[in-house]
Amino acid sequence: MPILIRPETMERITTPAQAERFIDETIADVRTQVGDRNVLLALSGGVDSSVVAALFIKAIGKQLVCVHVNHGLLRKGEPEQVIRVFQDEMDANLIYVNATDRFLDKLAGVSDPETKRKIIGSTFIDVFAEEARKLSDVTFLAQGTIWPDILESEHGIKAHHNAGGLPEDLKFELVEPVRILFKDEVRVVGKALGLPDNMVYRQPFPGPGLGVRCLGAITRDRLEAVRESDAILREEFANAGLAGKVWQYFTIVPDFKSVGIKDGKRVDEWPVILRAVNTRDAMTATVENVPFELLSRITDRITHEVKGVNRVLYDLTPKPTGTIEWE
Ligand code: XMP
């Protein structure tokens, strides 16, 4: 696709009709550019890569090869949803790689946050590159780059062109069909493409996933406690009508225990920390005023349903002085 720059006069996509027009034009562009060649996409299940996948599936069907890498740090139900939506419902050419053991084995015993991030990032590239090498005849790499990514990239528009940090032997042409869209426009397009609401209106989720919320060295049991408590928090927020209202909410499990009582016995178990914040740009954030009854209900469920947890805490710290994630 030619390098596109968002024209200053371009109207913001806010309606289904505008989204349909964008979809039709993009499909025509993709067909012209790609012809009968094949396109590869790393499909995380986030809104940007999901919209790109849905656009390409409409445009070129099985010429798109989606690779979904499960690094074991996804939220409860996410890999299953990617398979259901793209493979079962859209009949996509989807390669699902469950690399959980590989990631968790590499992360075992590693407690430094930056080192954890680097291991997750480099292992992701390794796994994706291995899958890419198995495929012959792929010309293009699709990416869900959006306009703010271009604006924020350090050296501006030209320097943005690194194909996801892939090794030298993998040379693809980049296709970035949503690169001139803002996030809210990507969501409108995603909705028009028929993607489910919980994919289209998904709260932000860091690339290293639950790995940044399982503090210190990640263990499988504590990671499960993060995943299960996060699922309970999301379910309770949805039931209370807070799901689309609060900007970001999640749980954290630190790597220490405290004494508690369960079934009349003293038990050393982890605390779960709840975080729920509102922000415009993630540079500063305020804490959501969650009703006490809801906090009590979530506490009750987490302490009874999540293995190894005996306390629940609510983080009252705005950003600054706290960051949104703990790490
Ligand atoms: P902090 O913790 O710096 O987070 O206040 C600000 C926002 O960024 C998200 N975040 C990430 N998003 N990749 C992402 O796409 C990442 O590696 C990453 N790390 C943090 C965080 O969830 C919050 O919304």
Side-chain angles (χ1 to χ4, degrees), residues 41-52 68-76 78 82 103 106-107 110 112-125 128 143-154 160 162 164-165 176 178-179 181-184 186-187 190 198-216 218 223 226-227 229-231 233-234 237 242-254 273-288 314-327:
L41 169 73
L43 175 59
S44 68
V47 60
D48 302 337
S49 66
S50 296
V51 167
V52 170
H68 178 60
V69 176
N70 179 358
H71 51 27
L73 305 166
L74 297 169
R75 286 176 290 203
K76 189 170 181 175
E78 282 186 329
V82 168
F103 277 83
K106 283 207 164 182
L107 287 162
V110 180
D112 175 59
E114 276 309 306
T115 313
K116 283 165 68 181
R117 274 181 177 268
K118 283 195 183 121
I119 291 172
I120 296 166
S122 66
T123 309
F124 184 89
I125 302 249
F128 185 71
Q143 283 193 336
T145 313
I146 63 170
W147 191 237
D149 299 332
I150 310 257
L151 295 178
E152 283 161 18
S153 64
E154 208 179 330
H160 182 72
N162 63 31
E176 298 175 311
V178 295
R179 64 175 276 140
L181 300 189
F182 285 102
K183 194 81 172 188
D184 51 299
V186 177
R187 294 192 207 279
N198 66 348
M199 221 170 220
V200 171
Y201 301 109
R202 208 168 92 133
Q203 49 168 325
F205 188 57
L210 301 179
V212 301
R213 299 173 184 168
C214 187
L215 305 186
I218 297 169
L223 182 59
V226 181
R227 200 181 337 260
S229 57
D230 172 78
L233 179 70
R234 285 191 287 142
F237 266 42
L242 293 177
K245 293 195 183 131
V246 181
W247 197 78
Q248 197 172 11
Y249 45 96
F250 54 87
T251 64
I252 300 130
V253 178
I273 299 157
L274 311 178
R275 188 98 171 110
V277 295
N278 292 304
T279 176
R280 279 172 65 91
D281 55 11
M283 301 297 285
T284 61
T286 56
V287 177
E288 172 71 13
Y314 187 46
D315 184 353
L316 289 170
T317 321
K319 175 179 181 176
T321 54
T323 48
I324 294 176
E325 302 289 346
W326 274 49
E327 304 231 23

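Ligands are counted one by one from 1 in listed order, and the atoms in each one are counted from 1 as well. Sequence positions, counted from 1, serve as the residue numbers for this chain.
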**OP:** May I ask you to decide if Val226's main-chain N or O and Ser229's side chain share a donor-acceptor pair within less than 3.5 Å?
**Re:** yes
Original post:
Between Gln248 (side chain) and Pro204 (backbone), is there a donor-acceptor pair under 3.5 Å?
Top reply: yes
Subject >> Lys76, NZ: over 12 other non-hydrogen atoms inside 6.0 angstrom >> reply: no
Original post:
Quick check: are there more than 12 heavy atoms from other residues, nucleotides or ligands sitting under 6.0 Å from NZ of Lys183?
Top reply: yes
Subject >> atom 16 (C) of ligand 1 touched by protein heavy atom at under 4.0 Å >> reply: yes
**OP:** Might you check, step by step, whether the distance between atom 8 (O) of ligand 1 and some protein heavy atom is under 4.0 Å?
**Re:** no
Name the closest protein heavy atom to [atom], giving the residue it belongs to and the distance to 0.1 Å.
atom                    : answer
atom 23 (C) of ligand 1 : Gln248 OE1, 3.4 Å
atom 5 (O) of ligand 1  : Lys319 NZ, 2.6 Å
atom 4 (O) of ligand 1  : Ile324 CB, 4.0 Å

So if I count the atoms of ligand 1 from 1 in the order they appear, which ones are less than 4.0 Å from some heavy atom of [X]?
X      : value
Arg117 : 16 (C), 17 (O), 18 (C), 19 (N), 20 (C)
Pro208 : 16 (C), 17 (O)
Trp247 : 24 (O)

Indicate yes or no: does an N/O atom of [X] lie under 3.5 Å from an N/O atom of ligand 1?
X      : answer
Pro206 : no
Glu325 : yes
Gly207 : yes

Subject >> NZ/NE/NH1/NH2 to OD/OE distance under 4.0 Å, Glu327 and Lys116 >> reply: no
Subject >> ring-ring contact (aromatic ring centres under 6.0 Å, His included) partner of Phe237, chosen from Trp247, Tyr249, Phe250 >> reply: Tyr249
Original post:
Do any heavy atoms of Phe250 fall under 4.0 Å from ligand 1?
Top reply: no
**OP:** Start with the C-alpha gap between Gln143 and Val52, add the side-chain angles, then the distance that decides, and say whether side chain to side chain contact (heavy atoms under 4.5 Å, CB included) holds.
**Re:** CA-CA 7 Å; Gln143 283 193 336; Val52 170; over 6 Å; no
**OP:** Could you pull out the closest heavy-atom pair between Arg179 and Glu176, with the gap in Å?
**Re:** NH1-OE1, 2.7 Å
